[in-house]
Amino acid sequence: MQEESVLKKEDNFSVWYNEILKRAKILDVRYPVKGVYVWYPYGLKLRNLIYGILRTLMDDEHEEVLFPLLIRRDELLKEKEHIKGFEEEVFWVTHGGTTELDVPLALRPTSETAMYPIFKVWIRSHRDLPIRVYQIVNTFRYETKHTRPLIRLREITSFKEAHTAHASREEAETQINKAIAIYRNFFDQLAVPYVITKRPDWDKFPGAEYTIAFDTLMPDGRTMQIATLHMLGENFAHTFDIRYEAEDGSSRFVNQTCYGISERCVAAVIAIHGDDRGLVLPPRVAPIQVVIVPIIFSSTGDTPSEKVKEACNAIYNELKGAGIRVFLDDSPDRPGAKYYYWEMKGVPLRIELGPRDLTNVSCTFVRRDNFAKRQVPLNTVVQSVNKTLDDIQHCLHARAMQKLKICAINGDTEPKDAIREGIIALPLCDNESCGKKLEESIGANVLGEVLYAAAHRARRNACAICAREGEDVLVARTY
RNA sequence: GGGGCAGUAGGGUAGCCAGGUUAUCCUCGUGGCUUUGGGAGCCAUGGACCCCAGUUCGAAUCUGGGCUGCCCCA
């Protein structure tokens with residue numbers, strides 16, 4: 001039914017990652033265009049469950065919109081800082097059939113320049129504010145570096161981008177904080193640990209006043225950016241002339257924010273929880289939360305096979321009725337083959353039921369996270385499943401949190417060594433040249449000043465480069 | 001950004017250096033019979049040399065280009 005060998009995640013994470021995407025049928029990488037991939041049904045179900053959580057969180061205070069994929073060249077080029085950051089990465093549509101277009105059209109690398117000209121017409125008075133919208137769309141970037149499924153793509157298929165406009169700067173700041181809370185809630189539900197930092201000035205979003213980012217730690221010791229939030233201030237409002245009439249009749253520019261999450265969140269779930277046997281999915285997002293494997297003997301004298309099937313069907317219907325995503329695997333394969341298969345797929349809980357269980361009026365639970373086995377009476381299956389799934393969700397989160405450690409550098413540790421293990425913290429002043437020097441000397445990137453990092457308290461101390469006063473920043477090798 | 005390696009059935013591979021009959025093995029698909037508490041067995045059967053040029057009597061194999069993928073380092 002499947003390949004024989006286990007995969008060593010620790011030995012070579014890159015190879016493990018590619019193999020898992022293939023074997024667990026998340027993404028098909030055989031599409032013959034560089035940097036774009038095909039979602040398999042199972043992968044898409046996982047994606048949709050993850051984005052369902054995000055959608056629910058966003059819908060509280062945002063409204064969903066849908067803007068076009070194509071952006072006029074002149075509008076894309078309007079914001080000078082913005083386009084400088086993207087111009088080498090834009091895909092252009094230059095022809096309609098054989099006719100060259102008068103105005104070339106860009107495939108959106110992100111949607112500021114698609115949305116903001118329309119914001120200008122939508123917003124007239126303070127009563128039109130705030131605007132809080134989001135969309136989940138594909139975006140295109142001509143990546144020249146090594147592309148990677150879900151992580152570095154030429155077509156990002158699942159970019160959730162939110163854009164807000166406010167009457168005051170304070171309100172925009174408040175919105176950033178609300179968005180941080182939403183994202184924290186989101187990643188907590190995925191059991192994905194993270195640090196939050198304010199990116200250094202030289203690494204902020206092009207056109208933004210400042211950028212705040214979420215990073216998670218991948219198994220190879222590198223960090224991956226999984227969410228960003230940008231304070232745009234009035235920068236884009238000036239470029240696109242987005243003004244409103246205030247209560248006192250004056251005309252003022254809006255203050256804007258935008259923040260986004262891509263399918264890297266799916267990559268994080270896969271990379272962080274998976275093991276040598278395959279995916280390990282948090283119950284909250286597992287397309288199949290429980291798989292039932294009947295153990296059938298056709299030759300047993302008493303032929304209890306019908307009874308086994310009946311019992312399995314009964315459990316199946318009960319669980320389904322309770323809203324649990326359950327699958328009954330009554331295929332003709334042998335039980336062992338099914339175990340390996342569903343473990344690869346990351347199903348959090350397996351229920352085995354055979355003649356031996358039937359005589360005890362029970363079934364056997366096997367957890368995907370720790371392989372613990374136990375007998376459960378048939379009349380308590382639903383509540384036991386709910387309780388076990390909750391427990392698995394929490395255990396996965398706790399286990400992942402433990403792996404995200406931050407090494408606070410003091411006199412005893414050499415940054416160059418510590419950086420190989422993961423994230424380090426050390427004091428740095430806010431001088432750009434110091435930051436660049438530090439990055440070069442240890443071969444890593446400054447993530448930024450610490451806004452949140454579990455179990456780490458930011459210190460004030462002498463800058464690691466120039467010895468002027470500085471504050472802890474997080475540093476890591478990045479994706 | 002720099003360097004290396006690779007592309008042969010759905011997946012993984014041998015063959016390539018040294019060109020030559022029907023392209024190896026495992027897995028897989030299909031039909032059948034017997035099976036089922038950790039990857040079942042037997043029988044029958046199906047399926048491949050990335051693309052474009054070049055060299056040659058003859059190319060999976062040699063040469064050039066393209067496309068795609070992977071690994072390592074910065």
Side-chain angles (χ1 to χ4, degrees), chain A residues 1-8 11-38 40-41 88-89 142-155 220-222 276-278 291-301 303-309 311-312 328-345 347 350-360 362-368 371-375 416 419-420 436-445 475-479:
Chain A
M1 192 169 193
Q2 269 289 327
E3 285 95 62
E4 54 310 315
S5 64
V6 294
L7 287 158
K8 289 279 176 274
D11 289 359
N12 191 329
F13 171 70
S14 282
V15 170
W16 177 91
Y17 179 74
N18 290 321
E19 276 297 310
I20 291 298
L21 292 180
K22 180 167 72 188
R23 293 198 195 178
K25 296 273 174 76
I26 301 295
L27 223 54
D28 196 328
V29 301
R30 292 173 296 186
Y31 194 78
V33 178
K34 183 180 169 63
V36 309
Y37 307 96
V38 178
Y40 279 112
E88 289 304 319
E89 299 185 358
Y142 182 76
E143 293 285 355
T144 50
K145 282 186 171 179
H146 189 128
T147 53
R148 243 181 233 276
L150 302 180
I151 292 174
R152 179 166 284 115
L153 304 158
R154 285 193 170 174
E155 180 187 6
D220 59 1
R222 291 171 186 272
D276 290 357
R277 296 201 198 178
V291 62
I292 302 170
V293 178
I295 314 294
I296 310 244
F297 291 87
S298 62
S299 59
T300 313
T303 47
S305 71
E306 285 310 314
K307 285 181 184 157
V308 169
K309 284 180 192 166
C312 287
L328 172 56
D329 187 355
D330 55 4
S331 66
D333 300 294
R334 296 169 67 105
K338 295 179 186 179
Y339 301 162
Y340 283 102
Y341 179 77
W342 293 112
E343 281 166 6
M344 170 58 62
K345 290 287 207 178
V347 176
R350 175 172 87 232
I351 298 180
E352 306 172 9
L353 201 157
R356 218 155 62 203
D357 299 293
L358 263 193
T359 53
N360 297 325
S362 67
C363 57
T364 304
F365 278 23
V366 185
R367 289 169 59 136
R368 177 65 180 89
F371 301 106
K373 270 192 186 194
R374 70 186 178 97
Q375 296 287 307
K416 252 190 132 140
I419 201 79
R420 308 226 60 97
K436 288 284 173 70
K437 262 184 211 163
L438 177 72
E439 291 190 335
E440 207 163 304
S441 72
I442 60 179
N445 293 99
V475 182
R477 295 177 304 141
T478 60
Y479 264 78

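Letters A, B, ... mirror the listed sequences (proteins, then strands); counts begin at 1. Quick note: numbers below take in every heavy atom, side chains included, and nothing from hydrogens, waters or symmetry partners.
- Pairing for B/rA40 goes to B/rU34, judged as Watson-Crick or G-U wobble with the two contacts each under 3.5 Å.
- In the interface, the side chain of A/Arg23 is not paired with the base of B/rG12 through any donor and acceptor atom under 3.5 Å apart.
- The side-chain ring of A/Tyr340 is stacked on the base of B/rG39, judged by centre separation under 5.5 angstrom and plane angle under 30 degrees.
- Partners of A/Arg350 under the side chain to side chain contact (heavy atoms under 4.5 Å, CB included) rule, at least two apart in sequence or in another chain, are A/Val291, A/Val293, A/Tyr339, A/Glu343, A/Glu352, A/Val366.
- Under the Watson-Crick or G-U wobble criterion, with both distances below 3.5 Å, B/rU22 is left unpaired in every strand shown.
- Atoms CG (A/Asn18) and P (B/rU68) sit 17 Å apart, rounded to a whole Å.
- Close to B/rC50, at under 4.0 Å from its OP1 or OP2, lies no side-chain N or O of A/Arg30.
- Contact between the side-chain N/O atoms of A/Ser14 and the OP1/OP2 oxygens of B/rC70 is not found at any separation under 4.0 Å.
- Nearest-nucleotide positions on RNA chain B place A/Gln375 closer to the 5' end than the other of A/Gln375 and A/Arg154.
- The residue A/Val15 sits close only to the backbone: its heavy atoms come under 4.0 Å of sugar-phosphate atoms, none of a base.
- One can find a donor-acceptor pair under 3.5 Å joining the base of B/rG38 and the side-chain atoms of A/Glu343.
- For A/Thr144, the side chain to side chain contact (heavy atoms under 4.5 Å, CB included) partners at least two apart in sequence or on another chain are A/Tyr142.
- Rounded to whole Å, the separation between the C1' atoms of B/rG37 and B/rC49 comes to 44 Å.
- Taking atom C1' on both B/rU22 and B/rG11, the two are 25 Å apart, rounded to the nearest angstrom.
- A straight line from CZ of A/Phe13 to C1' of B/rC70 spans 15 Å, rounded to a whole angstrom.
- The residue A/Arg477 sits apart from the nucleic acid: no heavy atom pair falls under 4.0 Å.
- In this structure, A/Lys373 does not reach the B/rG37 phosphate: none of its side-chain N or O atoms is under 4.0 Å from OP1 or OP2.
- Distance check on atom C1': B/rC16 versus B/rA60 gives 8 Å, rounded to whole Å.
- Nucleotides B/rG19 and B/rU61, compared at atom P, are 12 Å apart to the nearest Å.
- Counting to the nearest Å, the P atom of B/rG37 and the CG atom of A/Asp329 are 14 Å from each other.
- Annotation: B/rC33 and B/rG47 have their C1' atoms spaced 24 Å apart (nearest Å).
- In this structure, A/Arg148 is not positioned above the aromatic face of A/Tyr17 in the sense of NZ or CZ being under 6.0 Å from the six-membered ring centre and within 45° of the axis.
- One interatomic measurement links the two molecules: CD1 of A/Ile351 to P of B/rG37, which rounds to 19 Å at whole-angstrom precision.
- The partner of B/rC28, taking Watson-Crick or G-U wobble pairs whose two distances both stay under 3.5 Å, is B/rG46.
- The separation between A/Arg148 atom CZ and B/rC70 atom P is 8 Å, rounded to whole Å.
- No donor-acceptor pair closer than 3.5 Å links the side chain of A/Lys307 to the backbone N or O of A/Leu358.
- Using N1 to N3 plus N6-O4 or O6-N4 for Watson-Crick, or N1-O2 and O6-N3 for G-U wobble, each under 3.5 Å, B/rA53 pairs with B/rU63.
- The C1' atoms of B/rG15 and B/rC25 are separated by 11 Å, rounded to the nearest whole Å.
- B/rG7 and B/rA14 have their P atoms separated by 9 Å, given to the nearest Å.
- B/rG37 atom P lies 5 Å from atom CZ of A/Arg334, rounded to whole Å.
- Atom NZ in A/Lys145 sits about 16 Å away from atom P in B/rC70, given to the nearest Å.
- When the nearest nucleotides of RNA chain B are assigned to A/Ile296 and A/Asn12 by heavy-atom distance, the more 5′-ward of the two goes with A/Ile296.
- A/Ile419 and A/Ala476 make their closest contact through CD1-CA, 3.7 Å (heavy atoms, listed as atom of the first residue, atom of the second, distance).
- One N or O on the side chain of A/Asn18 and one on the backbone of A/Ser14 form a donor-acceptor pair closer than 3.5 Å.
- Using the Watson-Crick or G-U wobble rule with both distances under 3.5 Å, B/rA74 pairs with nothing in any strand shown.
- Comparing B/rC28 with B/rA48, their C1' atoms sit 13 Å apart, to the nearest whole Å.
- The base of B/rG39 lies outside donor-acceptor range of the side chain of A/Asp333, with no N or O pair under 3.5 Å.
- Rounded to whole angstrom, the span from the OH atom of A/Tyr341 across to the P atom of B/rU27 amounts to 19 Å.
- The partner of B/rU68, taking Watson-Crick or G-U wobble pairs whose two distances both stay under 3.5 Å, is B/rA6.
- The partner of B/rC16 cannot be assigned: no Watson-Crick or G-U wobble pair with both contacts below 3.5 Å exists in any strand.
- In this structure, the side chains of A/Phe365 and A/Ile351 come closer than 4.5 Å at one or more pairs of heavy atoms.
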